Asker: 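Got a structure for you, written out below as structure tokens; questions coming shortly.
Throughout, numbering of the chain's residues begins at 1 and tracks the sequence. Because the structure is predicted, anything quoted here is derived from the model rather than measured.
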Amino acid sequence: MKRLRTLPLAIAGALLVLAGHTGATTLAERWNTLRTEQPKAMIRDAARTLGVSEAELLATGIGSTVTLLRSDGNDPREIMRRALDLGTVLALTRNENGVIERTGVATRVKPQPADDKETVKDDEREARQRNIAGGYLGGEIDLRFTFSKWKHAFAVAQPGADGVVKRSLQFFDENGVAIHKIYPKDAAGVAVFDKLVDDFRHPDQNAALTVAARAPKAAELADSKVDVKEFQQAWSEMSDVHQFNRLLAEFKITREQAMRLAPAGMVQRLKPDAVRTLLDEAARQQLPIMSFLGNGAVIQIFSGKITRTAASAGWYNVLDPAFNLHLRESAFKSGWVVRRAGVTSVEFYDNEGEQVVSFFGVRERGQAQPKSWVDLTATLPKG
């Protein structure tokens, strides 16, 4: 059974004293003390230092800079649907060792004409559409949702050092871990943002924030218990790269485990720092790439050319005007060139065996992948 923490939001009543911060009793006071001592500390790092989740820390601002939003049932999906009206936004998705940020305008889904021959039941159609939010499929803001994992939602309006108010919508999972954030960039989006906040404002701004303690990671199935021959046969018979997740579920194995058990010639292990070579060469050659980064609740995808790469204290980054990618390469354990259904990708995993990021060459649907992409993957430092 999951252990739950329940905090009154408006007063953030975590009455613990951080070692070295005597006199600071509430979570809000402890955070203020920490910000004074470490003014550049990011909220995620501050939460870790204070021994709470980011959602709990953000909630200390309710009543001033933060508004609790409804987040039950379809609320997160409807908020994201309404966010399509914000115009230009910065969309930020992260996991423990990677961050992807894209500035642009989300693409709406074009309405499909009704089919008189449609026989799918309404409930089945709804199930099929449950992770669609009216847009975000392709284009500048390209997202794939698993809304069942979106548990907490907030709106933030925080004055910056320059006096300009920085607005955002922020979403968290059941553990209070940030999964997605949206920052409006158009002045015209302010009125849309304010109306969205009014419409989705939680009726009780003092409601309890229930945060589940993170469950231990499930043990990986022993390789000896996997029907490796059948798995390799199924891998070889894939006709579409999107069938891979179903394959993993069928054989009850992890992604990283699949790399070890793959058919001969289908994977090649890389050195963790091969991510530098990949990004540097893609920038130098002006080779369009696709970057996939997610956290189980949402995946964000960038497609296009990159220009500027740079290292910074354990991280390797893409720092372009409308696209940033931050990868904590110091936490990378392995990388892999992977071939599935005629498509070549490059994947990187962290020290916990979790996938941080994956890359593909940009290609048109139904078309062969660019030879320049395949050639680049062949040059990456082998592990």
Side-chain angles (χ1 to χ4, degrees), residues 1-72 75-76 79 92 94-97 99 149-183 197-198 200-217 295 297 313 328:
M1 181 177 293
K2 293 178 180 176
R3 178 172 57 85
L4 302 179
R5 294 198 297 266
T6 302
L7 298 180
L9 289 178
I11 61 173
L15 300 178
L16 301 175
V17 178
L18 181 68
H21 293 82
T22 55
T25 55
T26 69
L27 180 56
E29 290 172 337
R30 291 160 54 209
W31 191 20
N32 284 335
T33 300
L34 183 62
R35 279 186 290 195
T36 299
E37 297 175 351
Q38 302 178 32
K40 294 185 178 180
M42 303 297 289
I43 185 171
R44 187 182 181 97
D45 296 328
R48 184 178 290 108
T49 298
L50 295 170
V52 297
S53 70
E54 184 178 341
E56 291 170 281
L57 200 54
L58 185 67
T60 63
I62 289 179
S64 55
T65 60
V66 179
T67 301
L68 177 66
L69 302 180
R70 303 197 313 266
S71 56
D72 294 330
D75 288 330
I79 292 172
L92 185 155
R94 72 167 304 151
N95 54 44
E96 188 62 31
N97 293 303
V99 185
K149 298 185 178 180
W150 294 45
K151 298 302 182 184
H152 306 288
F154 303 89
V156 182
Q158 177 71 53
D162 55 2
V164 176
V165 175
K166 188 176 185 179
R167 295 172 173 82
S168 63
L169 300 171
Q170 302 193 21
F171 305 91
F172 300 81
D173 67 13
E174 66 175 356
N175 306 124
V177 176
I179 53 178
H180 190 64
K181 300 179 181 181
I182 301 173
Y183 298 84
V197 174
D198 285 342
F200 286 91
R201 179 186 177 92
H202 196 287
D204 181 6
Q205 292 296 297
N206 291 308
L209 179 69
T210 302
V211 177
R214 186 173 296 185
K217 185 177 179 179
N295 49 42
R328 197 196 313 261

Asker: Does NZ or CZ of K181 fall inside the cone over F171's six-membered ring, less than 6.0 Å from its centre and within 45° of the axis?
Answerer: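 No, K181 does not lie over the aromatic ring of F171.
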
Asker: List the atom of L68, the atom of A207, and the distance in Å for their closest heavy-atom pair.
Answerer: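 Looks like CD2-CB, 4.2 Å.
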
Asker: Supply the atom-to-atom distance L34 CG to T36 OG1, rounded to the nearest 0.5 angstrom.
Answerer: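 Here the rounded value is 8.5 Å.
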
Asker: Give me the one residue out of E54, E56, K149 that meets side chain to side chain contact (heavy atoms under 4.5 Å, CB included) with F172.
Answerer: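 Of E54, E56, K149, side chain to side chain contact (heavy atoms under 4.5 Å, CB included) with F172 is met by E54 alone.
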
Asker: Does this structure show an ion pair linking E96 with R44, if we count only N-O contacts that are shorter than 4.0 Å?
Answerer: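 Counted as a salt bridge, because a side-chain N and a carboxylate O are separated by less than 4.0 Å.
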
Asker: For atom CZ of R35, decide whether the heavy atoms of other residues, nucleotides or ligands shown that lie under 6.0 angstrom number more than 12.
Answerer: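 Count over threshold, so yes.
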
Asker: Shortest non-hydrogen contact from A297 to I179?
Answerer: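 So the minimum-distance heavy-atom pair works out to CB-CD1, 3.6 Å.
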
Asker: Hey, does the side chain of H180 reach the backbone of L92 with a donor-acceptor pair shorter than 3.5 angstrom?
Answerer: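 Yes, the answer is positive, given that a donor and an acceptor are paired below the 3.5 Å cut-off.
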
Asker: Just one of D75, D198, D204 clears the salt bridge (Lys or Arg N to Asp or Glu O under 4.0 Å) bar with R70, so which one?
Answerer: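 Only match with R70 under salt bridge (Lys or Arg N to Asp or Glu O under 4.0 Å): D75.
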
Asker: Which heavy atom of S53 sits nearest a heavy atom of G176, and at what distance?
Answerer: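 Closest heavy-atom pair between S53 and G176: CB-O, 3.6 Å.
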
Asker: Which heavy atom in V66 sits nearest to a heavy atom in V156, and how many Å separate them?
Answerer: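 Here V66 and V156 meet closest at CG2-CG2, 4.2 Å.
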
Asker: Check A155 against V197 and note the closest heavy-atom contact, atom names and distance.
Answerer: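 Distance-wise, the nearest heavy atoms are CB-CG2, 3.5 Å.
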
Asker: Check each of L58, T65, L169 against F154 using the side chain to side chain contact (heavy atoms under 4.5 Å, CB included) test, and report the only one that passes.
Answerer: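 Of all the options given, the one that passes is L58.
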
